[in-house]
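Please read all numbers here as calculations on a predicted model, not as lab measurements. Just follow the structure's listing: the first ligand is 1, and inside any ligand the first atom is 1. Count residues from 1 along the sequence. Any value given below was found using the heavy atoms of this structure, including those in side chains, with hydrogens, waters and symmetry copies removed.
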Amino acid sequence: MKKVLISGFLGQDGANMAEFLLKNTTYAIYGMLRRSANPNFTNVKSIVSNPRVKLVYADLTDSISLDRLIQEIQPDYFINFGANSFVGCSWDMPVQVFETNTLGVLYGLEAIRKNCPSCRYYSAGSSEEFGNVDYSPQDIQHPIKPRSPYGASKGAARMLVKVYRESYNLYAVHGLLFNHEGTKRGEEFVTRKITKGVVRIAKAISNSEKFEPIELGNLDAKRDWSDSEDFVEGVWRMLNQELFNPEINEKIPEVRARDHGILLPKPVEFYLAQCLKEYVLSSGETHTVREFVERAFAEVGIEGLWAYPVNDPNNPTKETFVAAYGSRETLVKVNPKFYRPAEVELLVGDSTPIRKELGWKPKTTFSELVKKMVSHDLSLS
Ligand code: F7E
């Protein structure tokens, strides 16, 4: 049975990938966990007792632990979803962000190179690498211009993956993923913060109770939001390119023919690594945080208006979202605490290559995503 090691197993993408693989393959899943006093198993509660799932301990920042794990398991795939993925806190702990997001990738690549060179490696890249964008939509050629320690850590990881792929012919790819959300999203990210807040406010209004508004930062930031459940399928396709793209199989003999002077035949993976491509995953649409707020409130039947309070000494100029009817209560207000030292204002991705070459496309639209997240949060309350 093939073995897939997933780091970041308890996070949104790790849990969704494990669910996808349980449904669509017969492979064994090794969910990598860091030691923590209070691990949160919410995202994996429906799969953790599946006999094909095994929990293993290591830490991306501990190269010895990764080395040992890869040596012991001899995985066919190592999908590295482990990261400090919250852009907002990357200014507060930049070293930890680089240790996890960049050195963690280096340690993983080294462990594979030394102990299991046929293991396929996925590195979770990000549209945050594009940062202060030169053009739209952003494609794989867009330069790396990060605006945060997080974006820089992912850009550096991308370079390491390239160097290891080219130097050692590892099947190692770094996908450029635009924002992806869903019912397993952490509450510090803006989408889940909004859907949780909307449900809290809707409940309070229906019980005629007082409530605090949702406090947000930059309402004008534009993001290309998709469903993480769609993206894990795209990641899997990037990790199995020869199964989805016949052109790769045609290229392999060409590459092999260039390998003259080398006496021993090499496994197909060696040549495959030289034919791989990296891809952008995105919806191709962009929406503001403001639009996300409007759609989420619309899902619970609350219509709002954007307004500027005149007589609020604590919030003299900042915009608010107020209920359009009845009490006109404030639903959302801006708190500068949530502004970032440098913002990525606009992101929209061009995922045409993976759609054409690997046959991937996202299934969930922006409004379906908002609906799904709000309905899920309603079901929890
Ligand atoms: O912010 C603005 C904020 O934290 C989105 C990660 O998965 O996607 C994600 O990074 C936007 C930003 O995600 C609040 O300033 C306004 O412009 O949900 P977010 P992100 O920073 O785009 C990329 C692709 C990744 O790779 C990352 O790992 O929303 N915003 N008000 C706010 N953001 C937050 N978190 N909280 C607010 O109150």
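Residue-level contacts of ligand 1 at the 4.0 Å heavy-atom threshold are Ser85, Phe86, Val87, Ser126, Ser127, Glu128, Tyr150, Leu177, Phe178, Asn179, Arg185, Glu188, Phe189, Val190, Lys193, Glu215, Leu216, Gly217, Asn218, Ala221, Arg223, Val289, Phe338, Arg340, Glu343.
Contacts classified as side-chain hydrogen bond (donor to acceptor under 3.5 Å, both in side chains) and involving residues 151-166 (residues at least two apart or in different chains) are given here: Asn101-Ser153, Glu110-Tyr164, Lys162-Glu166, Arg165-Glu278.
In this structure, Arg185 satisfies the cation-pi test against Phe189, with its NZ or CZ atom closer than 6.0 Å to the six-membered ring centre and inside 45 degrees of the ring normal.
One finds a salt bridge joining Lys196 and Glu187 here, because a Lys/Arg side-chain nitrogen approaches an Asp/Glu carboxylate oxygen to under 4.0 Å. We find that Lys372 and Glu229 are joined by a salt bridge, their nearest charged nitrogen and carboxylate oxygen being less than 4.0 Å apart.
Relative ring orientation between Phe231 and His180 is described as tilted, the plane-to-plane angle lying within the 30° to 60° band. Note: Tyr77 and Tyr27 have parallel aromatic rings, judged against thresholds of 30 and 60 degrees for the angle between ring planes.
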